[in-house]
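The figures here come from the full heavy-atom set of this structure, side chains too, leaving out hydrogens, waters and symmetry mates.
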Amino acid sequence: PIVTTSVRALQGRRMSAAAQLVDHEEAEMLLESHVQEIAAATAVLDLLAYKIEATEKFVEFNIDVMRNRLIRVDAAASATAAIFGVGSFVGGIFGMNLPTPIFEGDPEVVGWRFDLVVGVTVLGMAAAAAMFYVATTKWACRCFPFDK
């Protein structure tokens with residue numbers, strides 16, 4: 001009776017060792033499954049991070065393009081204001097109630113002098129506007145290729 005009890009106890013230990021081996025394999029398979037799921041989630045997150053960076057660069061590029069357009073518009077507005085400022089300056093000087101030797105004398109000569117001043121001012125403004133247009137359009141790049 002003692003021998004049979006010890007044999008049965010030994011067999012129980014062996015079975016429990018076999019059962020433990022099966023439990024260990026199941027745990028290992030579960031861990032491998034979780035590792036694969038984590039690796040897949042990491043790959044998805046890496047892909048999302050790459051897409052976010054690409055979108056960020058695209059948005060930055062579009063913002064830079066818009067900023068460059070605004071700078072061009074600002075430069076055009078400033079140049080236009082400067083061109084009209086010259087005409088306003090000349091008109092302001094001759095519009096003051098100050099005695100000017102240019103307008104003294106014969107009325108026919110005075111009219112000619114006034115026409116000369118107005119003509120030179122308008123031609124100067126037109127020349128400045130034309131130079132600004134040539135300098136800021138693509139036409140200038142075709143005509144003056146050595147600027148690059």
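- Going from atom OG1 of Thr121 over to atom CG of Leu116 covers 9.0 Å, rounded to the nearest 0.5 Å.
- Within the 4.5 Å cutoff, the side chain of Glu37 has heavy atoms near those of the Ser33 side chain.
- Rounding to the nearest 0.5 Å gives a distance of 10.0 Å between OG1 of Thr55 and CG of Leu48.
- Glu32 contributes atom CD, which lies 7.0 Å from atom CD of Gln36 (distance to the nearest 0.5 angstrom).
- Atom CZ of residue Arg67 and atom CG of residue Asn62 lie 11.5 Å apart, to the nearest 0.5 angstrom.
- In this structure, the separation between OG1 on Thr80 and CE on Met125 is 10.0 Å, given to the nearest 0.5 Å.
- For Asp46, there are no side chain to side chain donor-acceptor pair (under 3.5 Å) partners, not counting sequence neighbours.
- By the 4.5 Å heavy-atom criterion applied to side chains, Arg69 and Val73 are not counted as neighbours.
- Atoms CD and CD1, on Glu56 and Ile63 in that order, are 9.5 Å from each other to the nearest 0.5 Å.
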